[in-house]
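Because only heavy atoms are used, hydrogens play no part in the values below, and waters and symmetry mates are left out as well, while side chains stay in. The chain is numbered in sequence order, starting from 1. Because the structure is a prediction, the values reported are computed rather than measured.
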Amino acid sequence: MVTGCNKYSISLPGCLSQFNVDNSKAGQIELYGAVPTMQVEKCQDFDVYIKSKDAESCQFVSANVTGFNIYLEKEGPEGLELVSLGVPTQFESSLSFRDNTPTLTTTTVEHAGE
């Protein structure tokens with residue numbers, strides 16, 4: 001869990017359930033292993049770098065986040081290219097591939113309750 005940090009960089013080898021980031025500014029996280037869910041709240045300028053195939057299955061849940069981007073390297077016509085995907089807020093986003101092209105599938109977060 002990352003709370004209230006400014007200008008940070010974290011290399012995460014993976015986690016068993018969920019990784020949370022909140023109330024933070026100007027941070028980046030590199031995912032090297034499986035992270036089932038990453039929850040990001042009240043953050044500014046937050047970047048996630050996907051560094052392995054295992055990390056590509058991460059579900060991202062965000063709220064009140066500005067400047068949230070996901071980066072990954074993919075083979076392109078001129079070799080490896082860094083692909084940047086912007087993440088909207090108040091939605092759940094999943095990384096997926098269509099014909100080896102990375103895309104984000106984004107759905108509205110459903111809130112359960114009465």
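Listed by chain and number, the residues in a side-chain hydrogen bond (donor to acceptor under 3.5 Å, both in side chains) with Ser93 are Thr106 (sequence neighbours excluded). With sequence neighbours left out, the side-chain contact (heavy atoms from CB on, under 4.5 Å) criterion links Asn69 to Asp47, Tyr71, Ser84. Every residue meeting the side-chain contact (heavy atoms from CB on, under 4.5 Å) condition with Lys7, not counting sequence neighbours, appears here in chain and number order: Ala26. For the side-chain contact (heavy atoms from CB on, under 4.5 Å) test, no residue two or more places apart in sequence or in another chain qualifies with Leu16. With sequence neighbours excluded, the residues forming a side-chain hydrogen bond (donor to acceptor under 3.5 Å, both in side chains) with Ser94 are Gln59, listed by chain and number.
Here salt bridge (charged side-chain N to carboxylate O under 4.0 Å, His left out) pairs that include residues 14-37, with residues two or more places apart or in two chains, number zero. Here side-chain hydrogen bond (donor to acceptor under 3.5 Å, both in side chains) pairs that include residues 72-83, with residues two or more places apart or in two chains, number zero. Annotation: salt bridge (charged side-chain N to carboxylate O under 4.0 Å, His left out) contacts involving residues 56-69, sequence neighbours excluded, comprise Lys53-Glu56. Pairs of residues two or more places apart, or lying in two chains, that qualify as ring pair (Phe, Tyr, Trp, His ring centres under 6.0 Å) and include a residue from residues 19-46 are Phe46-Phe68.
With 3.5 Å as the limit, one finds no donor-acceptor pair spanning the side chains of Thr66 and Gln44.
Both Leu12 and Val87 are members of a single hydrophobic cluster when ILVMFWY side chains are connected at heavy-atom separations under 4.5 Å. Grouping the Ile, Leu, Val, Met, Phe, Trp and Tyr side chains by contacts below 4.5 angstrom, directly or via other members, places Val48 with Phe97. Both Leu31 and Leu85 are assigned to one and the same hydrophobic cluster, defined by single-linkage of ILVMFWY side chains at heavy-atom distances under 4.5 Å. Val83 and Ile70 fall within a single hydrophobic cluster, where Ile, Leu, Val, Met, Phe, Trp and Tyr are joined by side-chain heavy atoms under 4.5 Å apart, directly or via other members.
Closest approach of Gly4 and Ser24 over heavy atoms only: N-OG, 3.4 Å.
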Given side-chain contact (heavy atoms from CB on, under 4.5 Å), test Ile10 with Val21 step by step and report yes or no. CA-CA 11 Å; Ile10 297 171; Val21 181; over 6 Å; no
Distance-only donor-acceptor hits, side chain of residues 98-105, under 3.5 Å, sequence neighbours excluded:
| residue | atom | partner | partner atom | Å |
| --- | --- | --- | --- | --- |
| Thr103 | OG1 | Ser96 | O | 3.4 |
| Thr103 | OG1 | Ser96 | OG | 3.1 |
| Thr105 | OG1 | Ser96 | OG | 3.2 |

Under 3.5 Å donor-acceptor pairs involving side-chain atoms of residues 35-42, not counting sequence neighbours:
| residue | atom | partner | partner atom | Å |
| --- | --- | --- | --- | --- |
| Gln39 | OE1 | Gln18 | NE2 | 2.9 |
| Gln39 | NE2 | Glu41 | OE2 | 2.2 |

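Residue Thr3 holds its OG1 atom at 7.5 Å from CG of Asn20, rounded to the nearest 0.5 Å.
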